[in-house]
Amino acid sequence: MATTTGKYNLNLALVAENYSALEATIENTIRPLEEVREMDVSLGSSPAYPEFVDFKLDPPVREVAPCGKVCKGCYLYGKKCHGCPPATVYFKGFGGE
């Protein structure tokens with residue numbers, strides 16, 4: 001996340017395993033925030049450079065997702081959402097397994 005000048009005052013770059021996971025993150029976590037009055041979403045594919053980005057993720061320990069829901073009770077869980085990696089113990093893994 002970075003502050004910017006111009007029409008919008010924040011720029012977020014999100015990485016997800018697929019478009020469904022990205023859509024669930026946007027719709028459940030970002031769009032519902034009262035502070036978000038307007039947003040512009042642009043989707044892209046994997047970065048061309050660098051070809052590899054090394055992420056170190058610790059095992060999840062949270063029951064409640066950043067959106068404030070418990071995944072196993074959410075209607076999107078298992079359909080469009082695989083459990084907010086690496087935020088919750090309900091994360092089904094990349095590919096939804």
Side-chain angles (χ1 to χ4, degrees):
M1 177 169 52
T3 57
T4 60
T5 60
K7 185 175 181 180
Y8 302 106
N9 56 357
L10 288 177
N11 185 334
L12 299 173
L14 303 174
V15 177
E17 62 188 288
N18 56 42
Y19 286 126
S20 294
L22 185 59
E23 179 185 21
T25 300
I26 292 167
E27 296 303 322
N28 289 325
T29 306
I30 300 170
R31 196 176 298 278
L33 295 171
E34 285 183 29
E35 298 87 355
V36 176
R37 291 178 287 185
E38 185 177 349
M39 49 190 290
D40 182 27
V41 177
S42 298
L43 301 176
S45 61
S46 300
Y49 181 84
E51 293 179 23
F52 177 78
V53 179
D54 187 17
F55 288 104
K56 181 177 181 342
L57 302 176
D58 293 326
V61 295
R62 293 173 47 177
E63 292 274 331
V64 178
C67 64
K69 298 176 183 169
V70 175
C71 297
K72 65 183 178 183
C74 179
Y75 71 96
L76 289 175
Y77 183 60
K79 297 178 180 95
K80 289 189 172 192
C81 180
H82 297 296
C84 293
T88 71
V89 296
Y90 299 106
F91 177 52
K92 293 183 174 191
F94 294 108
E97 298 151 1

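These values consider heavy atoms only, across backbone and side chains, with no hydrogens, waters or symmetry-generated copies. It should be emphasised that the depicted structure is a prediction, and the values quoted were computed from it without experimental measurement. By convention here, the first residue in the shown sequence is residue 1.
Rounding to the nearest 0.5 Å gives a distance of 11.0 Å between CG of Asn9 and CD of Glu35. Rounding to the nearest 0.5 Å places NZ of Lys69 at 9.5 Å from SG of Cys71. Atom OH of residue Tyr8 and atom CG of residue Asp40 lie 4.5 Å apart, to the nearest 0.5 angstrom. Distance check, rounded to the nearest 0.5 Å: OG1 of Thr25 to CZ of Arg31 gives 12.5 Å.
Residues Ile30 and Leu14 meet the side-chain proximity criterion, which asks for heavy atoms closer than 4.5 Å. Inter-residue side-chain proximity for Met39 and Leu12 is flagged as unmet; no heavy-atom pair is nearer than 4.5 Å.
Val64 and Leu33 are assigned to two separate hydrophobic clusters, defined by single-linkage of ILVMFWY side chains at heavy-atom distances under 4.5 Å. Residues Leu43 and Met1 share a hydrophobic cluster, clusters being chains of Ile/Leu/Val/Met/Phe/Trp/Tyr side chains in contact below 4.5 Å.
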**Message:** With side chain to side chain contact (heavy atoms under 4.5 Å, CB included) as the criterion, how do Leu10 and Thr3 come out once you've worked through the C-alpha distance, each side chain's angles and the decisive distance to 0.1 Å?
**Reply:** CA-CA 5 Å; Leu10 288 177; Thr3 57; 4.0 Å; yes
